Peer 1: 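Sharing a structure, written as structure tokens. Questions coming.
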Number of protein chains: 2
Amino acid sequence: MATMHDVARLAQVSVSTVSYVLTGTRPISQATRNKVLAAMAQLDYQPNAMARGLASRRSRILGLLMPMDERGLGATETAFVTGAAAAASVAGYHLVLSPVGGGNLDDLRRLASQRMLDGVVLMEVQLADERVTVLQEAGVPLVLIGRTGDTSTLSYVDIDFDQTVREAVAHLVGLGHRRIVYVNHSAATLASGYGPALRTRDAFTAAMTGHGLEPVMIAAEDSAAGGRAALAAAFAQAPELTAVLAMNETAIFGILGELTGRGLSVPDDVSVVSMVTSPQVAELATPALTAMTSPGSALGRIAIEALTRHLDGPADHRHQQLLPCALEVRGSTAAPRRTALITPGPSSNDGG
Amino acid sequence: MATMHDVARLAQVSVSTVSYVLTGTRPISQATRNKVLAAMAQLDYQPNAMARGLASRRSRILGLLMPMDERGLGATETAFVTGAAAAASVAGYHLVLSPVGGGNLDDLRRLASQRMLDGVVLMEVQLADERVTVLQEAGVPLVLIGRTGDTSTLSYVDIDFDQTVREAVAHLVGLGHRRIVYVNHSAATLASGYGPALRTRDAFTAAMTGHGLEPVMIAAEDSAAGGRAALAAAFAQAPELTAVLAMNETAIFGILGELTGRGLSVPDDVSVVSMVTSPQVAELATPALTAMTSPGSALGRIAIEALTRHLDGPADHRHQQLLPCALEVRGSTAAPRRTALITPGPSSNDGG
DNA sequence: CCGCTTCGTCGAAACGCTTCGACGAAGTTC
DNA sequence: GAACTTCGTCGAAGCGTTTCGACGAAGCGG
């Protein structure tokens, strides 16, 4: 393995000159540059990452910290990762995926203190997330995918849940639906302070109320069985429901199965909208799901771009951005079969 | 950030003594060790990863090289990753996920030559995979998940496709099925030399022939639409089919949808078995899929363990292991409704 | 044409660790 | 008890870069 010394000797220049050619830190004449470049090519020289990292105090490695619990990554999270990896590569960084969950803060502290990571993107952020504190204390530059409760000092990229829910509800209401049930993540997830679950809950309440409709929300475990149970609960609470809105890529298949099992057809009897869903997953269902398509890879890409800009440029502070999900109408939504039969919700604010 | 010098000064020992306490390379008396440990704790000392890497010429970073094309990771690949990450963490290594596809061999060569990776696990291996050559030339220790054509010099962990297919076919034949169609990956994937697709094709042919049955294989694109098309093609080639075997987590949902669309019920009219599938995905379908459950995270774990053993221990050569998929019977398989009506295949070797 | 920048290059000192050789002190062997 | 080991520790030499200060050689204003 050739080193800088070898290159310098072959090109008949000093080691530092080779370094300047490589990094562009100081001007080098074209003639010298060419000699050095030729020597590098001839020796098939690659700079040693560790030495470079030690001397420059920058590893050019970025961390993507993700929970990776039991079930692994859904299509949406996967899209974050691929987007982030691509953007990191473009910016000349490597991307380390670290399965640092919420539990092992000590592992995280160790990782952060080892100076191996120039910066970090944090996924699946809770409203109160200790990992943020740990990383800030360790002085590691940080961008969130998601948001904590107080975002005043942080950079983040997140989905615009408010607008996403509003659009989804508007789509259904526009088709004539009045009894719409929202299937959220599990009660435990809500209780743990998981932002998306809480924000969509509030947004749904606001959107429905805005249309003069009663918001009904059901919490569902992230599984097909959870979806089935949730649908049963939904019918118990709102027997005349004609539409289901869900943000639970896994549960939604249980919902569809249970619907079929009850002899109800989608979308004729019940319309279904899946929020924050990838097209690939939406197409898996029969009929294909009308969905609010998550900005997936864009989120990862933007997070990395914000991070690298902060690291490379000097003072680029606080990138805060919300990305909407795009409504993609497929086969799972239609006008309700029997609009006339629907009893209006308790708040009938028609005619003022 | 405290350095080793700080620790040494505080503990009143030399720097090398601190290093020996840390690495255990040489014996250190209990008394000295305690002094050093106390100093470390007091200063909240963490060794600098770059300096350590430079001096020891080992980064303690492992690479997991995966294609990460358009569609991202399925549940099965995700399981590889989580298994690998966990095992790496246990062995005291970090795991870098690199989206180095088949195309950019130069990127791979650069990555390998930077001496940033102590070793590498290669996923989605083709029968003839240039990445293997590149890594071997760069002298990077290597373990495959999957197999190349010639495995004589390589370490690998792979699924035992032969046994998996044999078991799946046996399950269906045991239920009384005679006309079984195998839905494989796409023709392009087969042509590219993707091991699993080729091996299952051959194993299916062997298994069916062994039962005196005619093997019918259809290639399907990895999408719901591909599954639909494949089922149509299957019925065209074998109108009396009573069972579908598939190794295509995405297409299988299209197959189920198309079956329903044709008014055929699963499993009464057609049984469906999904091979190399995670339980989570199998449960998403209605009815839940009888599947050959992929050893998922075990594959990733074993690959990393083999790699770290090779790196840490001196001469532990060539770990080669095949893991079977386990049959898990769910709701998508049953005895065929009308066994009697089935025309026997061309080779009716009953009664010999 | 004298003093001043700017340009292009060099040598050497870090960066924070591992590892090698050395060396007293203590323990073993015959 | 002389000759060896082994144990525990130290000092110093790297590991392969980056980066800082220095220094001739040009270029330039007055």
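In this text the structure is predicted, and so the values were computed from the model without any measurement. Chain identifiers are assigned alphabetically (A, B, ...) following the order of the sequence lines, protein sequences preceding nucleic acid strands; residue numbering begins at 1 within each chain.
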Peer 1: C:dT19 C1' sits how many Å from B:Ile28 CD1, rounded?
Peer 2: 13 Å
Peer 1: Of the residues in residues 51-58 of chain B, which ones touch DNA chain D at a heavy-atom distance under 4.0 Å?
Peer 2: B:Leu54, B:Ala55, B:Arg57
Peer 1: Run the salt bridge (charged side-chain N to carboxylate O under 4.0 Å, His left out) test against B:Asp6 and tell me which residues pass, sequence neighbours left out.
Peer 2: B:Arg9
Peer 1: Considering just the side-chain nitrogens and oxygens of B:Tyr20, establish if one lies under 4.0 Å of OP1 or OP2 belonging to C:dC20.
Peer 2: no
Peer 1: Please tabulate, for side-chain N and O atoms in residues 136-145 of chain B, each donor-acceptor pair with protein atoms closer than 3.5 Å (sequence neighbours left out).
Peer 2:
none

Peer 1: Rounded to the nearest Å, what distance is computed from the CE atom of residue B:Met50 to the P atom of nucleotide D:dT18?
Peer 2: 13 Å
Peer 1: Mind checking if B:Val18 touches a base, just sugar-phosphate, or nothing, with heavy atoms under 4.0 Å?
Peer 2: nothing
Peer 1: Just how far, in rounded Å, is C1' of C:dC15 from CE of A:Met4?
Peer 2: 15 Å
Peer 1: Does D:dC10 have its OP1 or OP2 closer than 4.0 Å to a side-chain nitrogen or oxygen of B:Thr17?
Peer 2: yes
Peer 1: Partners of A:Ser29 by side chain to side chain donor-acceptor pair (under 3.5 Å), sequence neighbours excluded?
Peer 2: A:Thr32
Peer 1: If you look only at pairs with a residue in residues 83-94 of chain A, which of them pass as a side chain to side chain donor-acceptor pair (under 3.5 Å), with sequence neighbours excluded?
Peer 2: A:Tyr93-A:Asp312, A:His94-B:Gln114
Peer 1: Going by distance alone, is a donor N or O of one side chain under 3.5 Å from an acceptor N or O of the other, for B:Thr148 and B:Gln126?
Peer 2: no
Peer 1: Output the rounded distance in Å from CG (B:Asn34) to P (D:dG8).
Peer 2: 13 Å
Peer 1: Can you identify which nucleotide, out of D:dC7, C:dT19, D:dT17, has its nearest atom closest to the B:Pro27 side chain?
Peer 2: D:dC7
Peer 1: Test of understanding: with side chain to side chain donor-acceptor pair (under 3.5 Å), list the residues that count as partners of A:Ser14, not counting sequence neighbours.
Peer 2: A:Ser16, A:Thr17
Peer 1: Would you mind listing every side chain to side chain donor-acceptor pair (under 3.5 Å) that reaches into residues 41-54 of chain B, with sequence neighbours excluded?
Peer 2: none
Peer 1: Taking CG from A:Leu22 and P from D:dT19, how many angstroms apart are they, rounded to a whole number?
Peer 2: 12 Å
Peer 1: Does B:Ser19 have a side-chain nitrogen or oxygen under 4.0 Å from the phosphate oxygens OP1 or OP2 of C:dC17?
Peer 2: no
Peer 1: Counting neighbours of CD on B:Gln321 that are heavy atoms of other residues, nucleotides or ligands and sit closer than 6.0 Å, is the number greater than 12?
Peer 2: yes
Peer 1: To the nearest Å, give me how far apart CD (B:Gln30) and P (D:dC7) are.
Peer 2: 16 Å
Peer 1: Would you say the base of C:dG11 and the side-chain of A:Ser16 have a donor-acceptor pair closer than 3.5 Å?
Peer 2: yes
Peer 1: Polar pairs (N or O, both sides) under 3.5 Å between protein and nucleotides 22-24 of chain C?
Peer 2:
{"from": "C:dA22", "atom 1": "N6", "to": "B:Arg26", "atom 2": "NH1", "distance (Å)": "3.2"}

Peer 1: Not counting sequence neighbours, which residues clear salt bridge (charged side-chain N to carboxylate O under 4.0 Å, His left out) with A:Glu124? List them please.
Peer 2: none
Peer 1: Starting from C1' on C:dC17, measure out to CZ on A:Arg115 and report it in whole angstrom.
Peer 2: 16 Å
Peer 1: To the nearest Å, how far apart are B:Tyr45 OH and C:dG16 P?
Peer 2: 10 Å
